[in-house]
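Inspection log for the structure reproduced underneath, given as structure tokens.
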Amino acid sequence: MNTIPDHYALSRRTMLRGAALLGAGSLLGGRAFAQGTGIEGEWPAVTALVERYVKSRKVAGMVAPLGWADKAPGFIARGMEGFDDRDPGSAQSLYRAYSMTKPITGMAAMMLIDEGKLGLDQPLADFAPEFAKMQVAIDPAKSLAARPAESLITIRHLLTHTSGLGYAVVGRNKVGEELKRLGVNPGIISKRRLPGINDGVPTPGPDEFLRRAALVPLVAEPGARWSYSMSLDVLGIVIGRIAGTSFEQFVAERVFGPLGMNSSYFHVPGSASPRLTTNYLLAGRRPIAIDRPGQSIYQDPIPFAFGGAGLVTSPADYDRFLAMIVNGGVVDGRRVMGEAAVRLGTSDLLPEGASLKGTWVEGNGFGAGGISGKGKEEGLYGWSGAAGTVGYAQTRLKLRSGLFVQYMPQDRLPVLREFPLAVGADLAVRMQGSK
């Protein structure tokens with residue numbers, strides 16, 4: 001059976017290729033908001049995509065939230081919360097967002113930067129002395145042999161995956177293997193044992209997590225190149241240290257509460273269990289349920305809130321976050337973030353000279369935990385999750401778009417490529433109609 005990391009990078013690459021058409025829609029300038037009757041009439045290609053996947057029973061259900069500027073979103077929903085679940089998938093159903101947690105963590109950091117409590121180019125070691133003297137692997141594909149790092153990891157590096165930190169859940173190298181051996185694996189998937197994925201040492205608490213993480217060599221010199229990593233998980237712990245609380249508490253008080261994201265959790269309470277979807281492994285002809293409501297690993301105690309992968313949220317809630325982004329930090333007339341902080345967080349924050357050659361984001365920029373589009377993709381900010389979810393804010397167009405589904409590996413189906421193409425196709429029709 002192929003493991004989830006084998007397919008991860010390809011999915012992100014296809015997602016970004018498809019996203020180019022979202023940038024083309026910025027020519028609309030917000031002029032044409034309706035081309036049909038209701039949300040499905042406005043987005044026929046997206047509706048057809050959702051219906052096709054659900055009718056073919058490739059997925060149990062799918063929900064696509066779409067919204068403009070400060071207008072209420074519409075939701076295209078088909079199917080159920082699980083193949084054997086009687087509840088239909090809806091805007092209030094709960095989905096494992098995985099790496100769609102990263103933009104939320106990125107924007108939480110931008111709040112602290114805006115308030116002067118954190119510096120964009122401030123060393124990580126100021127808040128986590130464990131990282132004051134890092135080593136860099138000479139050839140991480142072959143061994144852990146290392147040399148001293150020439151520079152310190154900064155907050156900018158963490159935000160943009162240029163820290164050089166490894167990732168136990170993505171890629172194949174000795175650094176990732178060592179992180180997994182030490183339990184420095186910030187992700188939860190299933191109570192079922194999945195070989196090569198969740199069969200390692202349990203993840204420790206936040207302070208021990210940082211201590212062990214700092215023992216392992218980096219895969220690259222800080223600031224030298226883009227390499228997908230656990231940087232946002234480390235940053236989440238740092239945010240908690242700066243705030244004098246936990247990362248989970250900080251986002252609850254500063255992000256989820258003010259935005260009205262009342263269905264966003266790092267630990268799903270029993271009261272929310274009926275709305276939790278089932279996550280599936282696509283390993284053969286039939287989807288295999290690997291995490292179910294009532295028996296979910298997300299309902300067990302967690303070592304800490306993973307800033308890179310730990311969020312469970314609803315389509316309605318995540319749309320609130322994207323609405324804040326496209327509206328410059330304001331939702332329902334209430335300012336949640338400073339406009340300058342949003343603008344900076346969605347801009348290209350990559351350090352000068354960082355190499356993107358051969359990476360998933362080559363040709364683009366990278367902002368606070370998410371892609372920062374360039375060229376035809378200018379104004380695009382967002383990211384996807386390992387279970388097939390994706391969320392975009394197109395700031396030039398003031399468009400919010402997302403897709404929520406639950407299956408792994410995410411590249412087993414071409415959803416992440418097809419969704420932005422469908423959105424782009426509907427935008428193209430709007431462009432024709434606005435001429």
Side-chain angles (χ1 to χ4, degrees), residues 101-102 104-137 144 146-169 175-176 178-187 201-224 226-251 254 266 302-310 345 349 351 354 368-369:
T101 312
K102 289 177 171 71
I104 288 177
T105 304
M107 286 300 164
M110 298 313 297
M111 290 178 175
L112 294 177
I113 290 171
D114 193 43
E115 294 166 3
K117 298 176 182 177
L118 181 65
L120 185 58
D121 293 304
Q122 190 168 5
L124 166 62
D126 286 358
F127 309 100
E130 300 94 329
F131 294 89
K133 295 181 179 180
M134 293 301 294
Q135 298 281 310
V136 180
L144 293 176
R147 58 165 179 80
E150 297 175 3
S151 55
L152 292 170
I153 298 171
T154 69
I155 302 305
R156 181 191 297 273
H157 297 155
L158 294 178
L159 287 167
T160 59
H161 295 293
T162 56
S163 65
L165 290 169
Y167 215 172
V169 298
V175 169
E178 181 67 2
L179 290 170
K180 185 179 177 183
R181 188 187 72 81
L182 293 174
V184 185
N185 191 358
V201 175
T203 306
D207 292 337
E208 180 63 12
F209 181 94
L210 290 187
R211 189 191 73 80
R212 295 185 194 179
L215 296 174
V216 182
L218 303 174
V219 298
E221 182 70 30
W226 193 93
S227 179
Y228 204 48
S229 69
M230 60 179 177
S231 291
L232 277 297
D233 300 285
V234 170
L235 184 57
I237 298 172
V238 168
I239 289 169
R241 286 185 175 183
I242 294 170
T245 179
S246 66
F247 173 66
E248 185 174 13
Q249 184 79 18
F250 181 86
V251 293
R254 296 292 305 275
F266 289 93
I302 56 175
F304 62 95
F306 300 146
L349 297 176

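- Taking every heavy atom of both residues into account, Asp121 and Thr154 meet most closely at O-CG2, 3.8 Å.
- A side-chain N or O of Ser231 and one of Ser229 form a donor-acceptor pair less than 3.5 Å apart.
- Rounding to the nearest 0.5 Å places CG of Leu144 at 11.5 Å from CG of Leu215.
- Under the 4.5 Å side-chain criterion, counting only non-hydrogen atoms from C-beta, Tyr167 is in contact with Asp233.
- Minimum interatomic distance between Ala137 and Pro217 (heavy atoms only, all atoms of both residues): N-CB, 3.7 Å.
- Nearest heavy-atom pair across Val175 and Leu218 is CG2-O, 4.3 Å.
- Residues Pro204 and Gly183 approach most closely at CD-O, 3.3 Å, considering heavy atoms.
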TODO: Report the C-alpha distance between Phe131 and Leu165 in whole Å, list the side-chain angles of each, state the deciding distance to 0.1 Å, and finish with yes or no for side-chain contact (heavy atoms from CB on, under 4.5 Å).
DONE: CA-CA 11 Å; Phe131 294 89; Leu165 290 169; 4.0 Å; yes
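- Atom CG of Leu235 sits about 4.0 Å away from atom CD1 of Ile239, to the nearest 0.5 Å.
- One finds the CD atom of Glu178 at 11.0 Å from the CZ atom of Arg212 (value rounded to the nearest 0.5 Å).
- Separating the CD1 atom in Ile242 from the CD atom in Gln122 is a distance of 7.0 Å, to the nearest 0.5 Å.
- Taking CD1 of Ile155 as the reference point, atom OG1 of Thr160 lies at 11.0 Å (rounded to 0.5 Å).
- Looking only at side-chain heavy atoms (C-beta outward), Phe209 and Val184 come within less than 4.5 Å of each other.
- Contact of the Ile153 side chain with the Leu158 side chain is registered, since non-hydrogen atoms from C-beta on lie closer than 4.5 Å.
- If you take CD1 on Ile113 and CG on Leu349, they are separated by 8.0 Å, rounding to the nearest 0.5 Å.
- In this structure the side chain of Asn185 never reaches within 4.5 angstrom of the side chain of Val201, judged on heavy atoms.
- Using modelled atom types, one side-chain atom of Glu221 and one backbone atom of Ser151 make a donor-acceptor pair closer than 3.5 Å.
- Considering only residues two or more places apart in sequence or on other chains, Asp126 meets the salt bridge (charged side-chain N to carboxylate O under 4.0 Å, His left out) condition with none of them.
- No donor-acceptor pair closer than 3.5 Å links the side chain of Trp226 to the backbone N or O of Ala354.
- Between Thr105 and Gly307, the closest heavy-atom pair is OG1-O, 2.5 Å.
- Ring pair Phe306/Phe304 is perpendicular by interplanar angle, where above 60° counts as perpendicular and below 30° as parallel.
- For Thr101, the side-chain hydrogen bond (donor to acceptor under 3.5 Å, both in side chains) test picks out no residue, with sequence neighbours left out.
- Between Ser227 and His161 the shortest side-chain heavy-atom distance does not fall below 4.5 Å.
- The closest side-chain heavy-atom distance from His157 to Pro351 is below 4.5 Å.
- Scored by the salt bridge (charged side-chain N to carboxylate O under 4.0 Å, His left out) test, Arg241 finds Glu130, Asp207 as partners (sequence neighbours excluded).
- Contact detail for Gly236 and Phe247: the closest heavy-atom pair is O-CB, 3.1 Å.
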